[in-house]
Amino acid sequence: MDTNYELITAADKFPRIAAELRAQPVIGLDTETTGLDPHTSRLRLLQLATPQTSYVIDCFRFSPEQLSPLLEIITAAQPVKVAHNAKFDAKFLMKHLGIRLNGIFDTYLASLLISAGNENHRHGLAPVASRYLDLQLDKEQQLSNWSGELSRHQLDYAARDAGILLPLRDKMAARLDGMDLLVTAGLEFECVPAIAAMELAGVHLDVARWRDLVRQMTVARDAVADELQEVLGAGAAQMNLFGAPEPINLDSPAQVKEALARIGIEVEDTREWTLSKLVDGHPVIARLLEHRGLSKNLSSFGENILEFINPATGRLHADFRQIGTPTGRITTSSPSLQQIPHTPEYRSCFRAPQGRKLIVADYSQIEMRILADMARDEALLTAFHSGADLHRSTASQMLGIPLADISPSQRESAKGLNYGLVYGMGAEGLAGRIGVSLKEAEMLIERYFKAYSGVAHWLREAGESAVREREARTASGRLWRFSLDPGDRTQQAALRRVGKNAPIQGTSSDIFKRAMRLLDDTLLGLDAQIVNSIHDELVVECNSAIAEEIREIVRFEMVAGAKEFLPRVPVEVEAVISDAWLKK
DNA sequence: TAGAATCGCCAC
DNA sequence: AAACGTGGCGATTCTA
């Protein structure tokens, strides 16, 4: 495809171009960079496209001051900037030009929303252009060297990528509209600058503390491993040259299963769920599980995390995938900051640097509140309005006894139900989880649904409509379309569970993303920045001197985000000021 | 031998 | 078989 482009080599052209761009309702935006990491790579080209022309600006030639007429356009809400994976461009613009990319239409996020969970769809610019414009792009120049003299071919490529964004947006906006996804899309697009800023900022890890922890864990694991080799080797058939039993690989489920059989413990598999039932009679099982835990933590959260520390910033900059799941949850990788074990030893390694504090804030029982609101369940809403402990309230409602008389075990059962039911749990699952018989579990669920009849009705309907309509939606209108083989009963049961959970988990994502944007906006200009985001928890790093003010801002904006989607239920946010990632 | 599939487990 | 939902990821084992 030939794109009409103009390579800008003189700063005196900027006022004319800026005027032309400002007059557009929508422009295309793309960048080419010398690498993928904004901290160690440079911004080479900035491409801004009107329907007629792609303007290609060589950023190596101009200072931010010279570029300022164009930067104002990028920062303003209008014109709308169409970009594919705008987070990437936003990070480079923020790092190298000190500006926020606002007024985004992101064709990558739009593609994910329209695909509505279809795992077969790819979302790179090439497959998206093919799907929506029937255009075959080649991306061979994407990873070419953008730091030297640029070839005609590279400039063509750069201009073309920016040029196709406008027709692409036309097609996708119509699709979003037709699928009632414009509200969700707006929510996602507005969240991009907040996530870009969070990634760019990264989190601070206390390396010495982390190394210490890894050392301790290694010693502990090796001790348990030695002990296990001795016990499990007792029945070994194979001896090595020194007459000692051949060591078994404790990380191999197959070898562990065999070794257990040799000492008289027959098991179907070696999953925790299976083994934990045998803990009582067999001390070796407890040791095995202990080894698993240590080994898992060391391989996933050991020295390897340190490799992700950025040489330029000394911090961890995880990759946040904004639509990581069909329910809209954000996922992280490289490293996976959302899966750091929730123990003080681990979390205390993530610390505020000198002179700074962390605000650790999370929603209190947000999914149950969403359920109460969506189901409009009188009793559950009343429980939340009363401000009493939810699980005690639930137990009290179910058993018909006063709040004050609820025993700890009654509260635990109620808690199991509250958490389990938003995941579509059945009686078997509950029985296993809280350790009661199937009969008792059935009775508990019956009582639960009697106490919360609105919830019972809503959950039933959510499950049925998922099977009937093959889709589920959240409060913002986010869509997940399901495939279902009609004859497959197991699949149908699974779909009923997803149908119950998806609107709740997805609405939680809606709320969270709205809160992130509100908070990021309010923190602009203050010495405070969101540094981590874990489904219902935000971590903000700020100057110690303003920590109390920031804590209140965080609380306020998180509540404000939730209120937009939950008109019927009060929302609570627990926020603490801490030196480390702890809910102290 | 590289990549896929599986098991297992971390988070919310 | 599966057994409450969504992921990421590491180690082992299978497969071409």
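Letters A, B, ... mirror the listed sequences (proteins, then strands); counts begin at 1.
Taking atom CD of A:E367 as the reference point, atom C1' of B:dC12 lies 8 Å away to the nearest angstrom. If you take CG of A:L250 and P of B:dG8, they are 14 Å apart, rounded to a whole angstrom. Distance, A:F482 CZ to C:dG5 P: 12 Å, rounded to whole Å. Here the C1' atom of nucleotide C:dG7 and the CZ atom of A:F320 are 14 Å apart, to the nearest Å. Separating the CD atom of A:Q322 from the C1' atom of C:dG7 is a distance of 16 Å, rounded to the nearest angstrom. Here C:dA2 presents its C1' atom at 12 Å from CG of A:D488, a figure rounded to the nearest Å. Separating the CD1 atom of A:I366 from the C1' atom of C:dG5 is a distance of 17 Å, rounded to the nearest angstrom. The separation between A:N297 atom CG and C:dG8 atom C1' is 14 Å, rounded to whole Å.
No more than 12 heavy atoms of other residues, nucleotides or ligands shown are found within 6.0 angstrom of NZ on A:K450. For A:R470, the CZ atom sits in a packed shell: over 12 heavy atoms of surrounding residues, nucleotides or ligands are nearer than 6.0 Å. Residue A:F449 places its CZ atom among more than 12 non-hydrogen atoms of other residues, nucleotides or ligands, all under 6.0 Å distant.
Closest to the side chain of A:T490, from the set C:dA2, B:dC7, C:dT13, is C:dA2. Comparing atom distances between the A:I534 side chain and each of C:dG10, B:dC12, C:dG5 picks out B:dC12 as nearest. Checking C:dG5, B:dG8, C:dA2 against every side-chain atom of A:R292, the shortest atom distance belongs to B:dG8. When each of C:dA11, C:dG5, C:dT13 is scored by its nearest atom to the side-chain atoms of A:D251, the top-ranked nucleotide is C:dA11. Each of C:dG7, B:dG8, C:dA2 was ranked by its minimum atom distance to the side chain of A:T325; first place goes to C:dG7. Taking every side-chain heavy atom of A:D536 into account, B:dC12 is the closest of C:dT12, B:dC12, C:dG7. Closest to the side chain of A:K296, out of C:dA3, B:dC9, C:dT12, is B:dC9.
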Task: CA sep, side-chain torsions, deciding dist, call: A:D520, A:R517, salt bridge (charged side-chain N to carboxylate O under 4.0 Å, His left out) - done: CA-CA 5 Å; A:D520 189 63; A:R517 170 63 192 225; over 6 Å; no

Open item on the list: Apply side-chain contact (heavy atoms from CB on, under 4.5 Å) to residues A:K513 and A:I323 and explain how you reach the verdict.
Closed with: CA-CA 10 Å; A:K513 286 174 175 174; A:I323 302 179; 4.0 Å; yes

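Distances shorter than 4.0 Å separate none of the side-chain N or O atoms of A:R321 from OP1 or OP2 on C:dG7. Of the side-chain N and O atoms in A:T331, one or more sit less than 4.0 angstrom from OP1 or OP2 of C:dG8. The phosphate of C:dT12 (OP1 or OP2) has a side-chain N or O of A:N249 nearer than 4.0 angstrom. The shortest distance between the side-chain N/O atoms of A:S300 and the OP1/OP2 oxygens of C:dG8 is not below 4.0 Å.
Within 4.0 Å (heavy atoms only), A:D362 reaches no atom of the nucleic acid at all. Contact annotation for A:R347: backbone-only contact, meaning every heavy-atom pair under 4.0 Å involves sugar-phosphate atoms and none involves a base. Within 4.0 Å of A:G420, counting heavy atoms only, lies at least one base atom of the nucleic acid. If you check every strand for non-hydrogen atoms under 4.0 Å, A:R329 touches a base. Within 4.0 Å of A:T270, counting heavy atoms only, lie sugar-phosphate atoms of the nucleic acid but no base atom.
Side chain of A:D510 to backbone of A:S476: a donor-acceptor contact under 3.5 angstrom is found.
With A:H317 as reference, A:H39 is the one residue of A:K91, A:H39, A:M198 to meet the side chain to side chain contact (heavy atoms under 4.5 Å, CB included) rule.
Aromatic ring pairs are classed by plane angle as parallel below 30°, tilted from 30° to 60° and perpendicular above 60°; the pair A:F350 and A:W210 is perpendicular.
Judged by distance alone, the side chains of A:E367 and A:Q505 never bring a donor and an acceptor atom under 3.5 Å apart.
Interface residues of residues 332-345 of chain A facing DNA chain B, ordered by number: A:Q338, A:Q339, A:I340, A:P341, A:H342; criterion, heavy-atom separation under 4.0 Å.
Comparing C:dA1 with B:dT6, their P atoms sit 13 Å apart, to the nearest whole Å.
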